[in-house]
Amino acid sequence: MPIQNVVEFPQRKKEANSDISLKSPESTNTTASNGSGAHHQEKTDPNFVDPSTLSAEERLKKSDEYKAKANKLFGDQKFDLAVDEYSKAIEYHPTAILYSNRSFSYFKKELFVSALDDAKKATELDPMYVKGYYRLGSANMALGHYQDAKINFQTVVKKFPNDNEGRQKLKTVSALIQRKAFEDAIQFSAESAFKNLDYESMAVDESYKGPHFIGEDITLEFVKDMIEYMKSQKSIHKKYILKILKKSFDLFTKLPSLVDIDHETTQNITVCGDTHGQFYDLLHIFELNGLPSKEKPYLFNGDFVDRGSFSLEVIVTLLAFKLLYPDHMHLTRGNHESIEMNRFYGFHGEVVAKYSEMVYDLFAELFSWFPLAFVLDNSYLVVHGGLFDRDGVTLDDIRKINRASPDSNDNALLQCLLWSDPQQNPGILPSSRGVGVYFGPDVTRKFLKENNLCGVIRSHEVKENGYQIDDEGSIITIFSAPNYCDQSGNLGAYINFGKDTLKFTTFSEVPHPDIGPIVPHGYYLLPRGSFQELEYEDNYIGLHFLTFHFIKCKWT
């Protein structure tokens, strides 16, 4: 069934709300972890035995038992639970393999600081353990520490001269360093790339059989024809892509950093989370819920691109609907609408492969103008990531952010809006992602009360059921990319606002062309089933995220 479940909840009231319970049966609070391995298992695991009371042989046996559970959970894409089981195994008998495997679990959760810490411990325990250096290099690359990653892969090549994969990774990171140096040299150009953009003079060859964007105003007929053409894996003419980008730029540059959405629109709005290049699942949302229109407004809450192999199709479709219905299609900037993430997770490579470097540069500039937050009916703040590294932030502070050229204060707020995550514990902690913070329910409640809001709706995290309701509805996570990266097994979800309720609809993935997800550095996986499986030292048979056999995707 395309719709897995529909659940309706009352909207949270402002202020104390102690009389309302909004916890769904599948809801669990998100707890921050710093990767330390100290999880106090005696309080949560009835099988826990104090390691100090066991012999070395008994500790090893207990460690192996938890490692086997962790490996199975990792294979089932349950990375949170895998981290917990690896942590238990480490308490009994720490090894380089266990720290490396937990590092990989953190990496899959995009908790790159924790992944880096565990990789360091793996190499300290066993300086000849090659995967520890791979984990170090991968985490450093994800954090943008390219020089450190280069050293990690140089170590692989030096210690293991027959490791061809290490040589390839070294070439990859060296290329990224060169590209970053080039981008840093030109990024402070005084003029916008859109200023002298001339698409009108571009000729459309007669061989082009796709739809034509005629006149100044986009039409619903063109958008529908464009979607059908892209569904068949054909490329819209570059002239029309540039036209959509320029008109979108003219529109977004006039928007504030925080956009207020009125009561009437909110009553009918649908809020979606990350879509991450899953074009066919985006179209499935429209099949289930209806195409965007003045009567059917939408808010897509960031992370439109990267990971999925059809990111360009996703963002072009959403921009086209934004041009059609500027007051009824809303797009929040996510953490993946950035040069650093696009370089690492594939959107840059995809656009260059399908069009050109110049087209990507236009997307990158446009992304910097996307609004950072929305307020629905003076009640719900919608942001991609979360709240802040300090108390006292107001809605006006968000409105004042100069998102195209942020100063240090603006940049700190911007990073938290794009990157932060909720945690179960009170207070504020540095994020294991390396950017943003973890913020507790006390932080959320205080922010809501000071700004006279009901709750925060955010995205940014994969959820098994496509959504999660925490702290009696004060914080809601929505994620709309089902079976994320073709492997996570999660449902997608969207929220329909009503007069006094929030309706959560969950849905599963739909088939798509046999092109796998984009992996780091802009490479595409071979069609599923055609790549080689690798065996871990711990006897878990699986696929190493950064040791696939890569090919550059060719587009015709």
Side-chain angles (χ1 to χ4, degrees), residues 2 4 69-86 100-112 115 131 134-135 138-139 142 273-282 284 303-311 314 336 341 344-347 349-350 459-468 477 479-493 506-536 538 540-551 553:
Q4 300 294 319
K69 293 178 183 178
N71 292 343
K72 176 63 167 60
L73 289 165
F74 186 96
D76 293 338
Q77 316 298 328
K78 296 178 180 179
F79 304 119
D80 282 320
L81 298 177
V83 164
D84 290 340
E85 298 304 307
Y86 283 131
S100 176
N101 287 354
R102 193 173 71 176
S103 172
F104 193 21
S105 300
Y106 281 130
F107 188 94
K108 298 289 280 184
K109 286 164 51 62
E110 299 186 4
L111 301 178
F112 302 127
K131 288 189 179 179
Y134 272 108
R135 302 287 190 258
S138 300
D274 302 36
T275 46
H276 273 300
Q278 296 185 201
F279 179 56
Y280 298 86
D281 293 312
L282 170 67
H284 187 48
D303 279 13
F304 318 107
V305 301
D306 286 338
R307 298 290 201 178
S309 295
F310 305 97
S311 293
V314 167
H336 277 266
M341 300 300 282
F344 191 71
Y345 286 104
F347 183 58
E350 180 186 348
S459 301
H460 194 40
E461 291 182 285
V462 182
K463 297 299 178 184
E464 183 177 356
N465 293 286
Y467 72 96
Q468 183 166 298
T477 300
F479 192 85
S480 302
N483 196 25
Y484 179 51
C485 291
D486 286 354
Q487 65 177 14
S488 294
N490 61 289
L491 296 174
T506 65
F507 57 95
S508 55
E509 78 277 13
V510 296
H512 62 73
D514 197 19
I515 300 175
I518 300 175
V519 297
H521 329 313
Y523 285 86
Y524 289 69
L525 289 183
L526 292 161
R528 289 181 298 281
S530 64
F531 40 74
Q532 177 183 347
E533 287 190 339
L534 303 173
E535 183 173 358
Y536 288 104
D538 55 17
Y540 168 66
I541 305 297
L543 294 168
H544 189 304
F545 188 63
L546 289 177
T547 56
F548 286 126
H549 294 281
F550 294 141
I551 59 169
C553 184

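Just so we're clear, the structure is a prediction, and the values are computed from it rather than from any experiment.
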Is there a side-chain contact between [X] and [Y], using heavy atoms and a 4.5 Å cut-off?
X    : Y    : value
D76  : K72  : yes
S100 : Y134 : no
D80  : K109 : yes
L491 : S508 : yes

To the nearest 0.5 Å, what is the distance between [atom1] on [X] and [atom2] on [Y]?
X    : Y    : atom1 : atom2 : value
K108 : C485 : NZ    : SG    : 7.0 Å
E110 : H460 : CD    : NE2   : 7.5 Å
L73  : Y86  : CG    : OH    : 8.5 Å
Q278 : E509 : CD    : CD    : 8.5 Å

What is the minimum heavy-atom distance between [X] and [Y], and which atoms define it?
X    : Y    : answer
S309 : E350 : O-OE2, 3.2 Å
T275 : F304 : OG1-CA, 3.5 Å
E461 : T477 : O-CG2, 4.0 Å
A115 : S103 : O-OG, 2.7 Å
A481 : N490 : O-ND2, 3.0 Å

- Query: F104 vs F74 aromatic rings, parallel, tilted or perpendicular, using cut-offs 30° and 60°?
  - Reply: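 F104 vs F74 ring planes: tilted.
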- Anything under 30° is parallel, anything over 60° is perpendicular, the rest tilted; go ahead and classify F479 against H276. tilted
Taking [X] for its side chain and [Y] for its backbone only, find out whether a donor-acceptor pair lies under 3.5 Å.
X    : Y    : answer
S480 : A493 : yes
S311 : D306 : yes
Q487 : Q77  : no

- Task: Compute the ring centroids of F107 and F112, then answer whether they are less than 6.0 Å apart.
- Result: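 Yes.
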- Between H336 and Y345, is the gap from one ring center to the other below 6.0 Å?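 So the answer is yes for these two rings.
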- Query: Should the heavy atoms of other residues, nucleotides or ligands under 6.0 Å from NZ of K69 be counted, would the total exceed 12?
  - Reply: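 Yes, because the 6.0 Å sphere around NZ of K69 holds more than 12 heavy atoms from other groups.
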- Message: Taking side-chain contact (heavy atoms from CB on, under 4.5 Å) as the definition, give me every residue that meets it alongside S459, ordered by chain and number, with sequence neighbours left out.
- Response: D274, N301, H384, I478
- Can you find a side-chain donor-acceptor pair between D486 and H512 that sits under 3.5 Å? yes
- Please step through side chain to side chain contact (heavy atoms under 4.5 Å, CB included) for the pair R135 and N101, ending with a clear verdict. CA-CA 9 Å; R135 302 287 190 258; N101 287 354; 4.2 Å; yes
